[in-house]
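Encoded as structure tokens, the structure appears first; notes follow it.
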Amino acid sequence: MKALFLILLAIALLFYIKISLHASYDSSGAAAFISVLGMTKQLLPRKSMSETKQRQSLKDIYCKSNAALKAFNKIKHSIVIEHIDISCICTDVDPYTAIMKFNVVNAFSFSLLSYLESCFKIRSREVNIDTDMNVDKPTTELSAQLSLRLGQVVYFILIFSYETIKLKRRLCNGKQTQRNDAVGNEQREAAG
């Protein structure tokens, strides 16, 4: 009995392991790293592109994307954004155009931040948007670090799998119902 209790306790503690994703974008390109228990793995840029892509049917794409959105909506409030950093310098030859770019970037950045704050918990954020007429090229740097627990990842996978299977069955049953209706209509027309 004690061994079963210890096993269940160990499994419960495993679900509290924190998984972190650090993503950034700057002039050199996009980069993403995932870390668990101090181990870090690079996700972007990919080192080798040797895998072959399979064509998916429209039904599969629909089922997977719909299931992913439903599963994401279930866990989105448990995702924590540890840090988000937005840094942008707008520049142009014409000061009016530079100010217009500044306003667009400002509106987009703060709209994005307000949406993220409504969906996730944000611990710290740093926003630096400015104009500089002495710089030749505009610069943009984005960086964010997200974290969630292993149990929430397992929960996401379970909901995703369940919703995908449910949607595929519903689509297949809908086609079967349409076939049955067509056969029934043909039989009624032949009998009548």
**Message:** As an exercise, state the distance from NE2 of His77 to CD of Gln152, rounded to the nearest 0.5 Å.
**Reply:** 12.5 Å
**Asked** Any chain of hydrophobic side-chain contacts (each under 4.5 Å) joining Leu171 to Phe160?
**Response** no
**Pro138 side chain near Cys90 side chain, heavy-atom distance below 4.5 Å** = no
**Asked** Does His22 reach the side chain of Ser143, with side-chain heavy atoms less than 4.5 Å apart?
**Response** yes
**Message:** Do Val105 and Thr140 make a side-chain contact, defined as non-hydrogen atoms from C-beta onward lying under 4.5 Å apart?
**Reply:** no
**Asked** Where is the tightest heavy-atom contact between Thr40 and Ser35, given as atom of each residue plus distance?
**Response** OG1-CB, 3.7 Å
**Distance (rounded to the nearest 0.5 Å) between Arg125 CZ and Leu113 CG** = 5.0 Å
**Prompt:** Can you get from Phe72 to Leu146 by hopping between Ile, Leu, Val, Met, Phe, Trp and Tyr side chains that sit under 4.5 Å apart?
**Reply:** yes
**Asked** Which is it for Leu148 and Ser78 under the side-chain contact (heavy atoms from CB on, under 4.5 Å) test, yes or no, and what are the steps along the way?
**Response** CA-CA 7 Å; Leu148 68 153; Ser78 58; 5.5 Å; no
**Asked** Looking at NZ of Lys74 and CZ of Phe156, how far apart are the two atoms once the value is rounded to the nearest 0.5 Å?
**Response** 12.5 Å
**Asked** Just wondering, more than 12 heavy atoms not from Leu58 lying within 6.0 Å of its CG?
**Response** no
**Request:** Treating Ile, Leu, Val, Met, Phe, Trp and Tyr as nodes and any side-chain heavy-atom pair under 4.5 angstrom as an edge, say whether Leu69 and Ile61 lie in one connected cluster.
**Result:** no
**Asked** For Ser28 and Asp26, which heavy atoms make the closest approach, and how far apart are they?
**Response** OG-OD1, 2.7 Å
**Message:** Looking at Lys121, I'd like to know if its NZ atom is crowded, meaning that more than 12 non-hydrogen atoms belonging to other residues, nucleotides or ligands lie closer than 6.0 Å.
**Reply:** no
**Prompt:** Going hydrophobic residue to hydrophobic residue with side-chain gaps under 4.5 angstrom, can you get from Phe120 over to Leu150?
**Reply:** yes
**Fill in**
In terms of heavy-atom contacts, Ala67 and Thr164 come closest through CB-OG1, 3.2 Å
**Asked** Where the side chain of Glu163 meets the backbone of Lys166, is there a donor-acceptor pair that is under 3.5 Å apart?
**Response** no
**Message:** Rounded to the nearest 0.5 Å, what separates atom OG1 in Thr131 from atom CG in Asp92?
**Reply:** 11.0 Å
**Request:** Look up atom CD1 in Ile34 and atom CE in Met39, then write down how far apart they are to the nearest 0.5 Å.
**Result:** 11.0 Å
**From CD1 (Ile86) to CZ (Phe110), nearest 0.5 Å** = 7.5 Å
**Asked** Is there a donor-acceptor pair closer than 3.5 Å between any side-chain N or O of Ser109 and the backbone N or O of Asn106?
**Response** no
**Asked** Do the side chains of Ile19 and Leu14 join up, straight or via other hydrophobic residues, at under 4.5 Å, putting them in one cluster?
**Response** yes
**Item:** Basic-acidic side-chain contact under 4.0 Å: Lys18, Glu82
**Value:** yes
**Prompt:** Are Lys168 and Ile165 side-chain neighbours, meaning at least one heavy-atom pair lies under 4.5 Å?
**Reply:** no
